[in-house]
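See structure below.
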Amino acid sequence: LESFRGKVVLIYFGYTFCPDICPASLAELADAMEVLGDGADDVQVVMVSVDPARDTPEVLGEYMDYFNPTFVGLTGSDSEIAAVADSYGVFYEAQEGTAATGYLVDHLASVIVIDRDGRWVEVLSYGTTGEQIAGDVEQWL
């Protein structure tokens, strides 16, 4: 996160194959960026993939661009992702799916807010609207 110092960072742990929660959350984050207008220049949305086997940098890049071209997707090895998730207290676990879906990943669906100085200041729960996210973020800009 050091490269985003000076910005408010919104961290989301998810994955591109997620059937519902991840796209809904990223859509709300995209809406928040629109509501923030010029203030969005000082905000960085980052999704850390909890599915490194399927979420290559290319797949993540395309997925994030769909929601907002400024959004960044990060991946790494299983151990690197586990270390980052643990540092934020984020739980995730692969579960068997169906033949059609393959495995699915249960994961925390909250957004972690990091202020301009790199401090964890807030957690936004799943279902927070883009307008509410923007209102919360404005206090940290």
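Please read all numbers here as calculations on a predicted model, not as lab measurements.
Side-chain contact between Val137 and Leu36 is present, with at least one heavy-atom pair separated by less than 4.5 Å. Side-chain contact between Asp136 and Ile133 is absent, with no heavy-atom pair separated by less than 4.5 Å. A 4.5 Å side-chain heavy-atom check between Phe4 and Ile114 finds every atom pair outside the cut-off. A heavy-atom distance below 4.5 Å is not found between the side chains of Val72 and Val45.
Every residue two or more places apart in sequence or in another chain was checked for a side-chain hydrogen bond (donor to acceptor under 3.5 Å, both in side chains) with Thr75, and none qualifies. Residues satisfying the salt bridge (Lys or Arg N to Asp or Glu O under 4.0 Å) test with Asp51, not counting sequence neighbours, are Arg54. By the salt bridge (Lys or Arg N to Asp or Glu O under 4.0 Å) test, Asp65 pairs with no residue at all, sequence neighbours left out. Partners of Glu96 by side-chain contact (heavy atoms from CB on, under 4.5 Å), not counting sequence neighbours: none found. For the side-chain contact (heavy atoms from CB on, under 4.5 Å) test, residues two or more places apart in sequence or in another chain that qualify with Glu93 are Phe91, Gln95. Legend: residues meeting side-chain contact (heavy atoms from CB on, under 4.5 Å) with Gln132, ordered by chain and number and at least two apart, are Thr128, Thr129.
Residue pairs that meet the ring pair (Phe, Tyr, Trp, His ring centres under 6.0 Å) test with at least one member in residues 27-73, sequence neighbours left out, are Tyr63-Phe67. For residues 10-39, the ring pair (Phe, Tyr, Trp, His ring centres under 6.0 Å) pairs, not counting sequence neighbours, are Tyr15-His107. For residues 33-48, the set of pairs meeting the salt bridge (Lys or Arg N to Asp or Glu O under 4.0 Å) definition, not counting sequence neighbours, comprises Asp42-Arg116. Within the structure, the salt bridge (Lys or Arg N to Asp or Glu O under 4.0 Å) test picks out no pair touching residues 72-90 (sequence neighbours left out).
Under the 4.5 Å side-chain heavy-atom criterion for ILVMFWY residues, no single connected hydrophobic cluster contains both Val8 and Leu74. Clustering ILVMFWY residues whenever any of their side-chain heavy atoms sit less than 4.5 angstrom apart, transitively, puts Val111 in a cluster other than the one holding Leu108. Cluster annotation: Ile112 and Val50 are assigned to the same hydrophobic cluster (Ile/Leu/Val/Met/Phe/Trp/Tyr, side-chain heavy-atom contacts under 4.5 Å, transitive). Side-chain heavy atoms closer than 4.5 Å link hydrophobic residues (I, L, V, M, F, W, Y) into clusters, and following such links, even through other members, never connects Val84 to Val113.
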_Between Val9 and Val46, does the side chain to side chain contact (heavy atoms under 4.5 Å, CB included) criterion hold? Intermediate values first, please._
CA-CA 7 Å; Val9 180; Val46 175; 4.0 Å; yes

Where do Ser49 and Thr16 land on the side chain to side chain contact (heavy atoms under 4.5 Å, CB included) test, with the steps shown first? CA-CA 8 Å; Ser49 173; Thr16 63; over 6 Å; no

Please test Val59 against Thr56 for side chain to side chain contact (heavy atoms under 4.5 Å, CB included), starting from the C-alpha separation and ending with a verdict. CA-CA 5 Å; Val59 168; Thr56 64; 3.2 Å; yes

Full working for side chain to side chain contact (heavy atoms under 4.5 Å, CB included) between Val43 and Lys7: CA-CA 5 Å; Val43 178; Lys7 290 189 173 204; over 6 Å; no

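A pairwise comparison of heavy atoms in Asp55 and Gly14 identifies OD2-O, 4.4 Å as the closest pair.
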Please list every donor-acceptor pair under 3.5 Å in which a side-chain atom of residues 25-33 meets a protein atom from a residue at least two apart or in another chain.
from  : atom 1 : to     : atom 2 : distance (Å)
Ser25 : OG     : Ile21  : O      : 3.0
Glu28 : OE1    : Gly130 : N      : 2.7

N/O donor-acceptor pairs under 3.5 Å from side chains in residues 119-126, not counting sequence neighbours:
from   : atom 1 : to     : atom 2 : distance (Å)
Arg119 : NE     : Asp115 : OD2    : 3.0
Arg119 : NH2    : Asp115 : OD2    : 2.8
Arg119 : NH2    : Asp117 : OD2    : 3.4
Glu122 : OE1    : Trp140 : NE1    : 3.1

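Heavy-atom contacts from other residues, nucleotides or ligands closer than 6.0 Å to CD of Gln139 number more than 12.
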